[in-house]
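Order of the sequence lines sets the chain letters (A, B, ...), proteins ahead of strands, with each chain counted from 1. Just so it is clear, the structure is predicted and the values come from calculations on it, not from any experiment.
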2 protein chains.
Amino acid sequence: MKDVAQRAGVAVSSVSRVLSGNPDVSPVMRNRVMDAVAALGYEKDLIAQGMRSGATSSVGFMAVDIANPIIAAASAGAIRELRNNGYSLLISSSDGSTELDADYIRSFQLRRVEGLLLSVADEEDVRTLDALEQFTAALVFMDRAFPRNIKASAVVYDHRSGMAAAVDHLLDLGHRKLALINGAPRVRPARERANAVRQAIRRVKEATVVVRGGSYSASHGYDACKTLMGSASPPTAIIVGGNQILQGVMAALVELGLKVPDDVSLVTLDNVPLAEFISPSLACVTRDPVNMGTLGAELVLELINGGTPRTVELPTTFVRGESCAAPRG
Amino acid sequence: MKDVAQRAGVAVSSVSRVLSGNPDVSPVMRNRVMDAVAALGYEKDLIAQGMRSGATSSVGFMAVDIANPIIAAASAGAIRELRNNGYSLLISSSDGSTELDADYIRSFQLRRVEGLLLSVADEEDVRTLDALEQFTAALVFMDRAFPRNIKASAVVYDHRSGMAAAVDHLLDLGHRKLALINGAPRVRPARERANAVRQAIRRVKEATVVVRGGSYSASHGYDACKTLMGSASPPTAIIVGGNQILQGVMAALVELGLKVPDDVSLVTLDNVPLAEFISPSLACVTRDPVNMGTLGAELVLELINGGTPRTVELPTTFVRGESCAAPRG
DNA sequence: CTGAAAGCGCTTACAG
DNA sequence: CTGAAAGCGCTTACAG
């Protein structure tokens with residue numbers, strides 16, 4: 001910038017004014033500066049800018065597992081939207097550790113991000129909440145609930161409608177004993193799914209549902225499925241609350257020699273690649289993950305530019321498949 | 001830091017020395033400073049530190065599509081390794097645009113990252129290469145070739161061994177007309193796969209292979225598969241060079257009413273989730289993507305700490321599956 | 001409309 | 001071993 005000023009024969013403060021779009025500059029000055037900028041191929045040092053003005057043009061992204069396809073898609077959406085607005089994305093992956101969540105929030109603060117998109121591993125973790133209360137930049141939760149005292153925007157999925165449609169379909173087929181093999185109830189999506197299923201089941205008096213919460217892991221799916229199907233009164237339909245969980249459920253069903261949908265109907269979550277080549281085709285509740293990232297980025301930019309916090313809801317959709325059929329008998 | 005100095009009754013320069021682990025500090029000084037740090041919960045401002053010393057403790061990650069499972073897994077590995085060393089990751093996703101590649105490289109430079117892990121979209125793009133020559137921080141290529149004049153480390157896959165094993169298997173089964181539906185030849189992995197297949201085929205004199213390069217997209221897979229199978233002398237076995245491509249190939253085969261492996265054998269790339277429930281099971285060439293990220297991070301840290309550039313090779317493995325059988329006839 | 005000066009929060013020679 | 005001072009590359013009141 002000093003070089004630019006020298007070449008243009010003006011003061012650095014004038015160069016700064018031109019480059020930051022200050023309206024109080026003469027056209028002559030602007031031209032001379034822009035010529036020098038072009039000649040030198042100059043670009044502003046973002047660290048120095050961030051240091052002085054606080055405008056680091058960076059946003060943080062915090063999720064449990066960046067390798068999870070839903071999260072990866074959301075991050076891609078966020079990157080695109082932020083890039084179009086001159087912002088960069090600092091990314092983290094807590095691997096489910098609540099300590100890392102809290103650490104990352106503080107670390108993002110120390111890097112002076114202007115905003116943070118986050119999916120915490122545990123909505124009630126004290127250290128995480130402490131760190132969030134100290135956090136001063138813009139905050140946008142991705143499909144998470146958060147305490148009233150925290151000022152933040154949010155983008156959430158309407159898990160209820162998708163789940164209700166799935167349950168309705170199963171009830172219509174004649175199922176009366178359902179099971180939901182669910183993720184951790186300490187985060188919003190799992191809670192919403194459980195509530196939705198419990199509520200939707202009420203339409204039919206004699207229908208029951210057992211909800212088994214646990215981690216978002218194959219082993220949880222495996223164990224829960226074995227326990228459920230081995231019980232005195234096994235479910236005739238299983239709703240699976242996560243991709244990882246599904247792996248375990250499928251493995252357990254194979255081991256038990258149970259056929260889908262002959263022995264048990266199955267509803268899964270989110271499309272998996274090549275799902276159309278799995279036989280039977282899998283009924284599932286889907287959503288648009290890229291959009292979550294794009295919207296999250298829009299909301300965080302809105303807050304950075306002085307907007308007021310708001311929550312946006314995204315739909316989920318139930319898609320029928322051969323994995324759901326009338327129960328035997 | 002001023003507050004810490006005041007509370008400890010020492011100069012800020014001394015606080016700085018203590019916190020940066022300078023050995024020339026008395027134990028008394030160290031204790032007083034650390035007490036004040038603990039009492040105030042002080043942590044260093046990373047922007048200011050980066051501004052002054054250039055040590056931003058940040059690394060960039062640039063790939064074509066962060067939502068691609070292979071890339072997402074690699075980024076997760078890199079994040080973990082970098083986090084353990086006090087580094088943060090700035091992430092980008094060029095969506096295959098070579099202009100964005102060049103822009104991102106410059107942008108990372110302006111953010112003064114200490115290093116960059118990258119998979120460029122086009123190894124020969126002039127703007128990208130220009131940007132790379134200007135780049136002054138540590139550089140680690142992920143499965144990409146790069147010109148001699150660029151000093152960089154690299155982590156690459158040994159695609160040849162996996163591909164050769166796949167071809168050997170197909171030849172052993174009796175296949176003589178193979179096809180490789182490949183990705184873009186402007187990046188290393190596609191080139192390596194093509195070379196490996198062409199070389200491995202030589203073992204059997206009358207064996208031939210046709211290689212169809214293109215984009216890493218479903219539409220390329222679909223078009224190439226339709227063309228190949230509709231030709232006068234269609235292949236009896238297809239090797240698919242990418243996940244996205246596979247989607248299109250599978251769709252085309254379904255449309256053509258061709259059964260795997262009865263009508264054509266199939267070898268795919270990388271495990272897909274729930275692959276074990278796809279019938280027939282898919283033979284594939286696999287690799288460990290997380291490890292690519294972990295190693296990439298190790299190499300970049302090595303360079304940052306003054307190490308010399310080096311290249312590490314990671315294996316690929318051929319896994320048999322029901323999708324490969326003897327050709328009809 | 002423009003320039004000189006102060007300062008963002010650190011680090012690092014330089015004295016002592 | 002410790003402190004006072006300069007400076008990293010910007011931005012922003014403050015004069016003029």
Side-chain angles (χ1 to χ4, degrees), chain A residues 1-37 40-58 86 88 106-114 136-137 304, chain B residues 1-37 40-58 86 88 106-114 136-137 304:
Chain A
M1 185 142 157
K2 224 174 13 183
D3 299 349
V4 175
Q6 197 153 25
R7 187 181 181 103
V10 302
V12 285
S13 45
S14 295
V15 176
S16 175
R17 268 189 291 262
V18 170
L19 291 176
S20 52
N22 189 317
D24 297 346
V25 281
S26 67
V28 189
M29 167 73 86
R30 190 183 311 281
N31 287 336
R32 294 181 62 174
V33 169
M34 293 315 279
D35 286 353
V37 164
L40 297 171
Y42 169 80
E43 294 188 73
K44 247 195 274 194
D45 183 307
L46 293 171
I47 295 286
Q49 174 176 273
M51 164 84 173
R52 176 60 227 248
S53 69
T56 54
S57 300
S58 66
S88 290
R106 273 190 290 270
S107 148
F108 282 131
Q109 176 97 277
L110 294 175
R111 290 195 178 275
R112 303 225 210 125
V113 296
E114 295 184 48
T136 51
I304 289 170
Chain B
M1 184 142 154
K2 222 173 19 182
D3 299 349
V4 174
Q6 195 153 28
R7 186 178 181 107
V10 303
V12 285
S13 46
S14 295
V15 176
S16 176
R17 270 190 290 264
V18 169
L19 290 175
S20 52
N22 190 314
D24 297 346
V25 280
S26 68
V28 189
M29 168 73 85
R30 189 182 311 281
N31 286 335
R32 293 179 63 175
V33 169
M34 292 316 278
D35 286 353
V37 164
L40 297 171
Y42 168 80
E43 294 187 74
K44 247 196 273 195
D45 184 305
L46 293 170
I47 295 287
Q49 174 176 275
M51 164 84 173
R52 176 60 227 247
S53 68
T56 54
S57 299
S58 65
S88 290
R106 273 190 290 272
S107 147
F108 283 131
Q109 176 99 279
L110 294 176
R111 292 195 177 276
R112 303 227 211 124
V113 296
E114 296 183 47
T136 50
I304 289 170

* **Glu114(A) vs Ser58(A) side-chain heavy atoms within contact, under 4.5 Å** => no
* To do: Give a yes or no on whether the backbone of Val12(B) and the side-chain of Ser16(B) come within a donor-acceptor separation of less than 3.5 Å.
  => no
* What's the verdict on side chain to side chain contact (heavy atoms under 4.5 Å, CB included) for Lys44(B) and Leu110(A), showing C-alpha distance, side-chain angles and the deciding distance? -> CA-CA 7 Å; Lys44(B) 247 196 273 195; Leu110(A) 294 175; over 6 Å; no
* Heavy atom of residues 19-30 of chain B under 4.0 Å from DNA chain D: which residues? -> Asp24(B), Val25(B), Ser26(B), Met29(B)
* **Boundaries of the DNA chain D segment in contact with chain B, non-hydrogen, under 4.0 Å** => dC1(D) to dG9(D)
* For Ala11(B) and Ala5(B), work out which heavy atoms get closest and say how close. => C-CB, 3.9 Å
* Asked: If we only count heavy atoms from C-beta on, is the Thr56(A) to Leu46(A) side-chain gap below 4.5 Å?
  -> no
* Asked: Is there side-chain contact between Val33(A) and Val10(A), with at least one heavy-atom pair below 4.5 Å?
  -> yes
* **Heavy-atom check, side chain of Met34(A) versus side chain of Arg30(A), under 4.5 Å** => yes
* Assign Lys44(B) to base, sugar-phosphate, or nothing according to its heavy-atom contacts below 4.0 angstrom with the strands shown. => sugar-phosphate
* Would you say Glu43(B) and Val37(B) make side-chain contact, with heavy atoms under 4.5 Å? -> no
* 5' priority, DNA chain D, between Arg52(B) and Arg17(B) [closest heavy atom] -> Arg17(B)
* Structure fact -> Smallest heavy-atom separation, Ala137(A) atom then Val113(A) atom, equals CB-O, 3.4 Å
* **Contact check, side chains of Ser57(A) and Ser88(A), non-hydrogen atoms, under 4.5 Å** => no
* Asked: For DNA chain D, what are the stems built from at least three Watson-Crick or G-U pairs in a row, each pair having both distances below 3.5 Å?
  -> C:1-3 with D:14-16, C:5-12 with D:5-12, C:14-16 with D:1-3
